[in-house]
Amino acid sequence: MVRARPPMSLIDPVEHLKQRVAELLHDVPDEVREAMRLTPPKDRRFGDLALPCFPLAKLRQQPPPAAAAELAAAFTADDVVEAANATGPFVNFRLRRGAIARYVVTGVLTRQAPFGPAAPNGKKIVIDFSSPNIAKPFHMGHLRSTVIGGALRRIHRHLGCEVHGINHLGDWGSQFGKIMTAFRRWGSDVELAKRPMHHLFEIYVRYGAEKNDALEAESAEAFRRLESGEDNPERRLWQKLRDVSLEAFRGPYERLGVEFDHITGESFYEDKMEAAIEKIEATGIVTESEGARVVELEDRGMPPCILRKSDGTTIYATRDLAAVFYRMAEFSFDRALYVVGSEQNLHFQQLVAVLDKMGLPVANKIEHVPFGLILSKDANTGKWGKFSTRGGNAIFLEEVLDEAVANVRRIIAEKNPDLEDADQVAEAVGVSAIIFNDLKNSRIKDVKFDWELLLNFEGETGPYVQYAVARLSGILRKSEVGANGEAPQIPLDRVDFEQLADAEQVLLTMLEFGPTVERAAELNEPSAITSLMIRLAGDIHSYLRDHNVIRAEPDLQMARLALVAAARDLLRVGLALLGVATPDRM
RNA sequence: GCGCCCGUAGCUCAGCUGGAUAGAGCGUCGGCCUCCGAAGCCGAAGGUCAGAGGUUCGAAUCCUCUCGGGCGUACCA
């Protein structure tokens, strides 16, 4: 007796095809089957998925086209796979449009994985990200770690991992001695109250300009006193500056929509470093060198990792090691990601090397997730260069966000003057444009910070994708099925998915969502999702050109409304993972 | 010097871990708003995938070398 499938169980057409292919190749060695992976065909006209037959041909000592022909002939169509055709050395499979549509539309609208969050998978991941230096304004340099880390936190969580997002604030260390020294010289409580971050930035720049041996010595002494553990003036000043900074950081984080599960900066490990150092000392790998306590790494081609400086104070490596020990005990994580600029590559190699020398398995759970710099264009030479905080040409994040929002506001006034809540929409679109821009390219690439590029909202930009959402929302509004609700009331049991055959481009792109999110997580590369969103938005825009929804016959209209609702929701899901807002109107 | 990263259209970048004729956006040129949103769509032009070897049925993709650029190279983070 064959039992009918439960009504809501969904068949992923691609997974189904993979199984069918595996069955087809059941008698070939595993390695050959492994080598024969389904790939997108060169041209969609060939089919939806292609199977290169070279490895099989080699095994059977026959020409690849013959092997492909045999496989295609042996394949029988079913209710998901429509056909298998051999063209040259490839077998091209074509999936039934109705099957794809049913899977994708139903999956999205009922929020089933991979379109909705997956069930918990038991994996624990800690993500160390953002981590700005206290007492300095939140500038563009901090944006990347914040935005990439925020996206990764949501992506891994979407896939069912238990994620701990940690803001490892730079609120400790010898740089603090400098800031305290600067504040004592030139600081003003009045200014600090008025414009805290700008004031701290000013005195920091001044310190850099007036730096000399006496100042440096004073700063080192200030940090030494801070780290002494005593309740002294240094500690009270540090506390004050830290409080002020944390308060000031709330603004950017709120605007960017970034959240943390733990805000435990470097100072959190102040009372855990002694134990950490002892733990490392106990393994016998620590030596004295030039007055400092270090782990020699010459055998691995690296400079030594310093645990304690010659003046007795600690260094960031010490705190990172203490943090690893703490997080191991606290979270028993499977993976620890560090979303930190690529210029700190060596530091993380050293960190791993030390853990490895200690014989700790945690060494291979540490993953540095590096990213490129933000470059600014020199107005005179036209060449790209590094922002220098010291030179004072750092761009503050607030400034950038404000500028982008103001620009959006102007565009709204021009294109959609009657828009309600124009200010809120401008905020959402402007901030999103900045986030989107940062997540658009591979994270390892440097980001060229160009106002002109940033303020252009056409083409592959955040507003372009958001515009697709707004258009789709507009259609749903007019259709009266969805109004403004998050989940439009589409009666899925009355949708004839066969009617959506003409939307194959949209459907095939939506079908890639699951694998794309997987890949984004695997590579820690949010840009994979960004690219897909751009493509989906484009497919939708093209589709809407030739296929009217509102004026279609009832059955067709219902099917298209389901598609429109699903496409909009999937854009929203994907963009939400990236931290990009999706207003209904713009 | 050594280590890591990058090099694809005029510019900014994709290229799904080795598959078929290398793709987008911006910019340029040309079309499309009596038609659900023109922040849109359609089309054209534009390439020695930095260069040279190698690996194999097949290389932008993997290996070696060269060139160019970036970052880092013990008491900053």
Annotated protein contacts, base or backbone, on nucleotides 3-8 of chain B with a non-hydrogen cut-off under 4.0 Å, one of B, S, - each: -SSSS-
Summary of protein contacts for nucleotides 17-27 of chain B, nucleotide by nucleotide, where a base hit scores B, a sugar-phosphate-only hit scores S (4.0 Å, heavy atoms): B-BBS-SBSS-
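Panel note: side chain A:Arg560, backbone A:Ala552; no donor-acceptor pair is recorded below 3.5 Å. One N or O on the side chain of A:His368 and one on the backbone of A:Val340 form a donor-acceptor pair closer than 3.5 Å.
The A:Ile315 side chain lies nearest to B:A77 when the options are B:A77, B:C36, B:C41. Comparing atom distances between the A:Trp384 side chain and each of B:G40, B:U12, B:A39 picks out B:U12 as nearest. Between B:A39, B:U73, B:A77, one nucleotide has an atom nearer to the side chain of A:Tyr467 than all others, and that is B:A39. Of all nucleotides listed (B:C57, B:A74, B:G40), B:A74 comes nearest to the side chain of A:Ile306. Distance from the side chain of A:Ser174 is smallest to B:A77 among B:A77, B:G37, B:C35. For A:Glu266, whose side chain is taken as the heavy atoms from C-beta onward, the closest listed nucleotide among B:C35, B:A14, B:A77 is B:A77.
Contact annotation: A:Tyr464 reaches the phosphate of B:C41 (side-chain N/O to OP1 or OP2, under 4.0 Å). Contact annotation: A:Arg471 side-chain N/O to B:A39 OP1/OP2 distance is not under 4.0 Å. In this structure, A:Ser531 does not reach the B:G15 phosphate: none of its side-chain N or O atoms is under 4.0 Å from OP1 or OP2. For A:Lys448, a side-chain nitrogen or oxygen approaches OP1 or OP2 of B:C13 to under 4.0 Å.
Taking the O4'-C1'-N9-C4 or O4'-C1'-N1-C2 dihedral as appropriate, B:C33 has a value within 90° of 0 and is therefore syn. For B:U28, the base is anti relative to its sugar; the glycosidic angle deviates from 0 by more than 90°.
Nucleotides B:C2 and B:A77 are separated by 29 Å at their P atoms, to the nearest Å. Separating the P atom of B:U8 from that of B:U61 is a span of 14 Å, rounded to the nearest Å. B:C16 and B:A24 are spaced 16 Å apart, taking the P atom of each and rounding to whole Å. Taking atom C1' on both nucleotides, B:G19 is separated from B:U64 by 24 Å, rounded to a whole Å. The same atom, C1', is picked in B:G15 and in B:A60; the two are 8 Å apart, to the nearest Å. Using C1' as the reference atom, B:C49 and B:G18 are 16 Å apart when rounded to the nearest Å. The same atom, P, is picked in B:G46 and in B:U66; the two are 36 Å apart, to the nearest Å. Annotation: B:G25 and B:U21 have their C1' atoms spaced 22 Å apart (nearest Å).
Taking every heavy atom of both residues into account, A:Gln350 and A:Pro304 meet most closely at NE2-O, 3.3 Å. Here the closest non-hydrogen pair linking A:Tyr464 and A:Gly538 is OH-CA, 3.0 Å. The two atoms that bring A:Ala559 and A:Gln499 nearest to each other are CB-CB, 3.7 Å, heavy atoms only. Of all heavy-atom pairs between A:Ala68 and A:Gly88, the closest is CB-O, 3.4 Å.
Across all strands, A:Lys58 comes closer than 4.0 Å only to sugar-phosphate atoms, never to a base (heavy-atom distances). Across all strands shown, A:Arg551 has heavy atoms under 4.0 Å from sugar-phosphate atoms exclusively, and none from any base. At the heavy-atom level, A:Ser289 lies under 4.0 Å from base atoms of the strands shown. Nucleic acid contact class of A:Arg319 (heavy atoms, under 4.0 Å, all strands): sugar-phosphate only. Residue A:Gln344 is in base contact, counting any heavy-atom pair closer than 4.0 Å across all strands shown. Counting any heavy atom pair closer than 4.0 Å across all strands shown, A:Leu297 reaches no nucleic acid atom. Among the heavy atoms of the strands lying under 4.0 Å from A:Met586 is at least one base atom, whether or not backbone atoms are also near. At a threshold of 4.0 angstrom between heavy atoms, the contacts of A:His547 include nucleobase atoms, whether or not backbone atoms are also involved.
Taking a pair as Watson-Crick or G-U with both hydrogen-bonding distances under 3.5 Å, the stems of three or more pairs touching RNA chain B are B:1-7 with B:67-73, B:10-13 with B:23-26, B:28-32 with B:40-44, B:50-54 with B:62-66.
For A:Glu414 and B:G37, the CD to P distance is 18 Å, given to the nearest whole Å. The distance from atom CZ of A:Arg60 to atom C1' of B:C57 is 17 Å, rounded to the nearest whole Å. Put simply, NZ on A:Lys440 is 10 Å from P on B:A14, counting in whole angstrom units.
The side-chain hydrogen bond (donor to acceptor under 3.5 Å, both in side chains) analysis of residues 526-536 of chain A, with sequence neighbours excluded, yields the pairs A:Glu512-A:Arg535, A:Glu525-A:Ser527. Sequence neighbours left out, the pairs with a member in residues 39-54 of chain A that pass side-chain hydrogen bond (donor to acceptor under 3.5 Å, both in side chains) are A:Asp43-A:Arg45, A:Arg44-A:Gln505, A:Asp48-A:Arg97.
Mapping A:Arg443 and A:Ala292 onto RNA chain B by nearest heavy atom places A:Arg443 closer to the 5' end of the strand.
Annotation: A:His139 is not in aromatic contact with A:Phe201 [ring centroid separation under 6.0 Å not met]. Taking the ring centroids of A:Phe46 and A:Phe90, they lie at or beyond the 6.0 Å cut-off.
The residues A:Arg319 and A:Asp171 are annotated as not salt-bridged, no charged nitrogen and carboxylate oxygen being separated by less than 4.0 angstrom. Note on A:Arg568 versus A:Asp584: salt bridge recorded, some NZ/NE/NH1/NH2 to OD/OE distance being below 4.0 Å. The residues A:Lys18 and A:Glu15 are annotated as salt-bridged, a charged nitrogen and a carboxylate oxygen being separated by less than 4.0 angstrom.
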Verdict with reasoning, A:Tyr269 to A:His168, per ring pair (Phe, Tyr, Trp, His ring centres under 6.0 Å): CA-CA 10 Å; A:Tyr269 301 97; A:His168 190 68; 5.8 Å; yes
Criterion side-chain contact (heavy atoms from CB on, under 4.5 Å) on A:Arg409 and A:Glu427, from CA distance to verdict: CA-CA 8 Å; A:Arg409 193 65 191 79; A:Glu427 168 75 15; over 6 Å; no
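Considering A:Val405, A:Ile412, A:Ile411 in turn, A:Ile412 is the only one that fulfils the side chain to side chain contact (heavy atoms under 4.5 Å, CB included) rule with A:Val408.
Contact of A:Gln466 with B:A39 (side chain to base): no donor-acceptor pair of N or O atoms is detected under 3.5 Å.
Considering only heavy atoms from C-beta on, A:Gln466 comes within 4.5 Å of A:Val429 through its side chain.
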Quick one: which protein N/O atoms are closer than 3.5 Å to N/O atoms of nucleotides 28-33 of chain B? Pair and distance per line, please.
none

